[in-house]
There are 2 protein chains.
Amino acid sequence: MEEQTRFRLSKQRKVILEELRKVTTHPTADEVYDMVRKIMPRISLGTVYRNLEFLCSQGLARKVGPAGAQKRFDGNATPHAHIRCRVCHRVADVPVHLEAPMLAPEDCMGFEIEECNIEFEGICPDCQRKTC
Amino acid sequence: MEEQTRFRLSKQRKVILEELRKVTTHPTADEVYDMVRKIMPRISLGTVYRNLEFLCSQGLARKVGPAGAQKRFDGNATPHAHIRCRVCHRVADVPVHLEAPMLAPEDCMGFEIEECNIEFEGICPDCQRKTC
DNA sequence: TTGATTGCAAACTATTTGCAGAAAG
DNA sequence: CTTTCTGCAAATAGTTTGCAATCAA
């Protein structure tokens, strides 16, 4: 009854993961493409996208920042925490004030920090019902 | 020497802000478009985008989640905090472990929470130099 | 052998922009 | 009046997808 998919370790997939692991720069897909192309000049951007997606689905890599392509807007301009649904990408306000963690100056990597965004991720009531 | 721009309060701008303030749903640009079109059927999507951008620049609204259009990928799959540059959108790892804040069950709005992302926002050393 | 994976190109989605005319101040 | 702002449509940016060929197991 279970549909067990078999994964293969193509050269492309191997190199993409290796290159991604070499850096801590959190590259975009086209930056990964550039990195990998130095080793495999004929790789396609589509393959890079497919494999990054695959690696994330396997827990071998992560997307930085929230899922969902579209930007969302908040008429409440005072900073506050959000909860985002993993499934439908809906965003709700956290109804309590959370103290933003402070970073010691030596942990700021030279950044001039202006604010801290706290975003919980989970599954909203509606989507919990649908997923059974 | 200062170039002082004068802003106008067009009907469109007024309605967009009013509608955005009526809801706590954190709508996408096209959801705002739908809301506003019920009042001004001839408004264009471009105007909605331009005004949302404008309202954010004036501090009257906010974008939810990080700036920068492209997704970024992290070869380090263990959850950890990030710092993102407001100017160049570069992302760095926070070098210390931060305890994720806990949310009391009654503050979860029915969401089943799976994780918490902490992202600082600021200006990276390179961009500080350029901005003078 | 066979089904997952690739390269390629076209399609798609979200957002931005140029321009001529409308309207706020 | 002047200059910002709008509607429209076309352009751009980022990502996804269909397909025939290729390749890992």
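In what follows, chains carry the letters A, B, and so on, assigned in the order in which the sequence lines appear, proteins first and then strands, with residues in each chain numbered from 1.
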Nearest-Å distance, [atom1] ([X]) to [atom2] ([N])?
| X | N | atom1 | atom2 | value |
| --- | --- | --- | --- | --- |
| B:Met40 | C:dA22 | CE | P | 16 Å |
| A:Phe54 | D:dT17 | CZ | P | 17 Å |
| B:Asn51 | D:dT4 | CG | P | 15 Å |
| A:Arg72 | C:dT15 | CZ | C1' | 16 Å |
| A:Leu45 | C:dA10 | CG | P | 15 Å |
| B:Leu52 | C:dA14 | CG | P | 15 Å |
| A:Lys71 | C:dT16 | NZ | C1' | 14 Å |

(request) Quick one: pull up NZ in B:Lys71 and SG in A:Cys56 and give me the separation to the nearest 0.5 Å. (result) 10.0 Å

(request) Would you give the length of the straight line joining atom CG of B:Asn117 to atom NE2 of B:His80, rounded to the nearest 0.5 angstrom? (result) 10.0 Å

(message) Any carboxylate oxygen within less than 4.0 angstrom of a Lys/Arg side-chain nitrogen, looking at A:Glu112 and B:Arg86?
(response) no

(message) Nearest to the A:Arg42 side chain among C:dG7, D:dT6, C:dT16, which nucleotide is it?
(response)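 Of C:dG7, D:dT6, C:dT16, C:dG7 is nearest to the side chain of A:Arg42.
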
(request) Spell out, yes or no, whether A:Met35 and A:Leu55 are grouped together once hydrophobic residues are joined by side-chain heavy atoms under 4.5 Å, including indirect joins. (result)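 No.
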
Any donor and acceptor pair, going by atom type alone, linking the side chain of [X] with main-chain N or O of [Y] inside 3.5 Å?
| X | Y | answer |
| --- | --- | --- |
| B:Arg62 | A:Ala77 | yes |
| A:Arg72 | A:His89 | yes |
| B:Asp93 | B:Pro95 | no |
| B:Gln128 | B:Ile123 | yes |

Which side-chain N or O atoms in residues 12-20 of chain A pair as donor and acceptor under 3.5 Å with protein atoms at least two apart or in another chain?
{"residue": "A:Arg13", "atom": "NE", "partner": "A:Asn51", "partner atom": "OD1", "Å": "2.6"}
{"residue": "A:Arg13", "atom": "NH1", "partner": "A:Arg8", "partner atom": "O", "Å": "3.0"}
{"residue": "A:Arg13", "atom": "NH2", "partner": "A:Asn51", "partner atom": "OD1", "Å": "3.3"}
{"residue": "A:Lys14", "atom": "NZ", "partner": "A:Glu18", "partner atom": "OE2", "Å": "3.2"}
{"residue": "A:Glu19", "atom": "OE2", "partner": "A:Lys22", "partner atom": "NZ", "Å": "2.7"}

Reckon [X] has a side-chain N or O less than 4.0 Å from the OP1 or OP2 of [N]?
| X | N | answer |
| --- | --- | --- |
| B:Gln12 | D:dG7 | yes |
| B:Tyr49 | C:dT16 | no |
| B:Thr47 | D:dG7 | yes |

(message) Below 4.0 angstrom, which residues in residues 13-36 of chain A have at least one non-hydrogen atom near DNA chain C?
(response) A:Arg13

(request) Please list all pairs passing the ring pair (Phe, Tyr, Trp, His ring centres under 6.0 Å) test where one or both residues lie in residues 52-73 of chain A, with sequence neighbours left out. (result)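 Passing the test, one end in residues 52-73 of chain A: A:Phe7-A:Phe54.
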
(request) Can you run down the ring pair (Phe, Tyr, Trp, His ring centres under 6.0 Å) pairs that involve residues 15-42 of chain B, sequence neighbours left out, and say none if there aren't any? (result) A:His82-B:His26

(message) Using heavy-atom distances to pick each residue's nearest nucleotide on DNA chain D, tell me which of B:Gln70 and B:Val48 is more 5'.
(response) B:Val48

Polar atom pairs between nucleotides 23-25 of chain C and protein, under 3.5 Å, N or O only, would you list them?
{"residue": "C:dA24", "atom": "N3", "partner": "B:Arg8", "partner atom": "NH1", "Å": "2.8"}
{"residue": "C:dA24", "atom": "N3", "partner": "B:Arg8", "partner atom": "NH2", "Å": "3.4"}
{"residue": "C:dG25", "atom": "OP1", "partner": "B:Leu9", "partner atom": "N", "Å": "3.1"}

(request) Could you please spell out the steps behind the side-chain contact (heavy atoms from CB on, under 4.5 Å) verdict for B:Val87 and B:Cys124? (result) CA-CA 8 Å; B:Val87 180; B:Cys124 77; over 6 Å; no

I'd like a table of atom pairs between the protein and nucleotides 18-20 of chain C - only N or O on both sides, under 3.5 Å - with the distance next to each one.
{"residue": "C:dG18", "atom": "O6", "partner": "B:Arg50", "partner atom": "NH1", "Å": "3.3"}

